[in-house]
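Given the structure is predicted, the values throughout are model-derived calculations rather than measurements. One is the number of the first residue; the rest follow in order along the sequence. One-based numbering, in listed order, for ligands and for the atoms of each.
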Amino acid sequence: MNRASNLTRRQFLHLSGLGLGGLSLTSLLSACGVSLEPKTIALLDSTAAPASGLATPSSTDELVEIRLRAARASYDILPGGATRVWQYQGSLLQGPPSSLHTLPDSYLGPILRLRRGQTLKVHFENQINEPSIIHWHGLSVPDEMDGHPRHAIEHGQSYTYEFPILNRAGTYWFHPHPHQRTGPQAYYGLAGLLIVSDDEEAALGLPSGEFDLPLVIQDRLFDSQNQLDYAANPMTGFFGDQILVNGQVTASLEAAAMPYRLRLLNGSNARIYKLAWDDETPLTVIATDGGLLEKPVTRDTITLAPGERVELYVDFSADPVGTKRRLVSLAFEGGGGGMGGMMGGSAAGLPQGVKMNILRLEITRAGQAGPGLPDRLTLPGFLSKQDAVNSRSPRRFDLTMHMAGLINGRTFEMDSVASDEVVRQGDLEVWEFANLGGGMGMMGSSDQPHPMHIHGVQFQVLERRLQGGSLRAYNTLSDGFVDSGWKDTVLVMPGEAVRVLVKFDHYAGMYLYHCHNLEHEDGGMMRNYRVES
Ligand code: C2O
Ligand code: CU
Ligand code: CU
């Protein structure tokens, strides 16, 4: 029986926006074959996951070629008038049709679905009125393909990217990275998902097709004319008063009583989420930024900072039709108290750390249990701290705020790399991000959390030490950290020092590392590092 096509016809999934009626999400989902027939899980082979999860490009790469424009558009997001946005608009020039999927009725860019080993070629055209460039967040790509601000192009110009997909299966994304304008450009709509699959993941028989659902979470603030209000505070970041999921306000998901794979991206500029089901059902995490965990991990809450991704396995098969749940963000402390725009009399968003609704969910159709989740998802190929060239004296980065964010007392400089920002290609290093306040002669602890991101690599979180700040505040978020997988962004809380193990094993060149609070980044809390061959 072809259960899959029955499911497709019956449209088990809907995402509806307030006042917009039901918008079918079925077309959102990739056209790749849906199969929920129980599968034999192939035994994992230790060669399937090379160190740091990167493959070597093969000569038989399949080319996926797309055109991607950054352009103006407008969408009916709220009742009573369209909202002007900026949007990545894509079209597929070559490759499997499932490689590019445009989200209906959303300002978000297309979802790119690629297989490890394919080569991606992108003709980027900048049609917005300011310089821009695209960064492929989480991917290992050559220096000139990484979207460094020195490569930004003017309105009317184009930039061609071409690189092999080396990363493990996982949920990656792309967004602008021009000098000091990443925050507003992402805010006005420029962002999209890039989903990588591989053979190892396919063998697991995880929910696929319309049961593999990306959820991009962003907060926004609208003015009385329904226009996006970028009321950002340079110290704390931008905070809106409404949560949008996949570009829809008051999003709701009509689901079947089936297992789902939910791919969550925090695509917000500065807001951290403490995700939970309102009925306190625990959350099962199967993947972080850089793909599958070795084993599923269960948490009551999940902390998701800007730039981070997490994939959930959610089995609704025991839920009777009519079951309703809400995915919420619970209240927390230690988030720096950002209040959104307080300047120029503009409306303020809701502060960091207040409870907010994310997504309503209703089971509207009967379904069936799937094959279940294997105990073991992958051999992640983790590295060992003992092999690091600097395990005794980690490379340390002090994160401080003084008017704006600084890293080791320095602000961003377009072309410079300091002597302590040079690493050797192939080296394994321990990096420590220390958010201990002080700096510029000021003692005392910082109150700003910093989601620290390193371009071009996936790293392991080695340890966290709370050395200041409030343990009670810290504990309102720390239970939700998922540190057992590959990461490219790690939240460093006030008073905390976090050590990561990172291997610089693919390309030589100049890359960025920065805070992924986009207002901190634009304010200069970003530096170059150089990988020398
Ligand atoms: Cu997603 Cu340099 O960032
Ligand atoms: Cu990045
Ligand atoms: Cu920061």
Side-chain angles (χ1 to χ4, degrees), residues 109 132-141 143 145-152 167 170-183 185-187 190-194 216 218 232-239 265-272 289-290 305-309 334-338 352 397-407 411-412 433-437 439 446-459 486-494 496 498 502 507 510-529:
S132 195
I133 193 72
I134 303 178
H135 167 58
W136 314 94
H137 181 125
L139 297 185
S140 271
V141 300
D143 160 316
M145 300 287 121
D146 195 50
H148 190 281
R150 75 190 189 282
H151 294 130
N167 285 68
T171 306
Y172 305 94
W173 65 301
F174 54 98
H175 61 75
H177 226 300
H179 187 49
Q180 297 180 331
R181 293 290 292 169
T182 296
Q185 290 189 12
Y187 180 74
L190 295 174
L193 286 168
L194 190 156
V216 178
Q218 299 176 305
N233 176 318
M235 289 301 279
T236 57
F238 169 85
F239 294 92
L265 159 66
N266 182 350
S268 310
N269 285 37
R271 188 176 294 281
I272 298 165
D289 304 339
E308 289 184 311
R309 289 85 67 205
Q352 177 87 286
F397 300 94
D398 281 309
L399 312 174
T400 53
M401 297 294 292
H402 181 78
M403 303 306 284
L406 301 172
I407 302 177
T411 189
F412 180 64
F433 295 111
N435 186 7
L436 307 177
S446 153
D447 74 334
Q448 290 295 307
H450 299 296
M452 295 305 296
H453 170 52
I454 311 177
H455 281 217
V457 295
Q458 292 289 330
F459 52 76
W486 291 108
K487 300 276 298 162
D488 54 52
T489 307
V490 64
L491 181 59
V492 185
M493 290 292 288
E496 188 178 38
V498 178
V502 50
Y507 298 101
M510 190 168 81
Y511 294 89
L512 297 162
Y513 65 104
H514 59 86
C515 179
H516 220 286
N517 173 316
L518 297 183
E519 286 69 41
H520 290 180
E521 171 186 337
D522 284 342
M525 199 169 206
M526 173 161 83
R527 293 285 303 171
N528 294 314
Y529 74 94

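The closest approach of His137 to atom 1 (Cu) of ligand 1, by N/O/S atoms, is made by ND1. Taking the N/O/S atoms of His450 in turn, the shortest distance to the Cu ion (ligand 3) belongs to ND1.
At a cut-off of 2.8 Å, His453 does not coordinate atom 2 (Cu) of ligand 1 through any N, O or S atom. At a threshold of 2.8 Å, the Cu ion (ligand 3) has a backbone or side-chain N, O or S atom of His520 nearer than that distance. For atom 2 (Cu) of ligand 1, the set of nearby N, O or S atoms under 2.8 Å includes one belonging to His514.
For His151 and His177, the gap between ring centers reaches or exceeds 6.0 Å.
Vertex atom 1 (Cu) of ligand 1, arms ending at NE2 of His175 and NE2 of His516: the angle is 110° after rounding to 10 degrees.
Atom CE of Met525 is separated from atom OG1 of Thr400 by 6.5 Å, given to the nearest 0.5 angstrom.
Side-chain contact, Asn269 with Glu519: a donor N or O sits under 3.5 Å from an acceptor N or O.
Judged by distance alone, with hydrogens and angles left aside, the side-chain atoms of Asp447 form no donor-acceptor pair with the main-chain N or O of Pro494 at under 3.5 Å.
Checking His516, Lys487, His453 one by one against Glu308, the side chain to side chain donor-acceptor pair (under 3.5 Å) holds for a single residue, Lys487.
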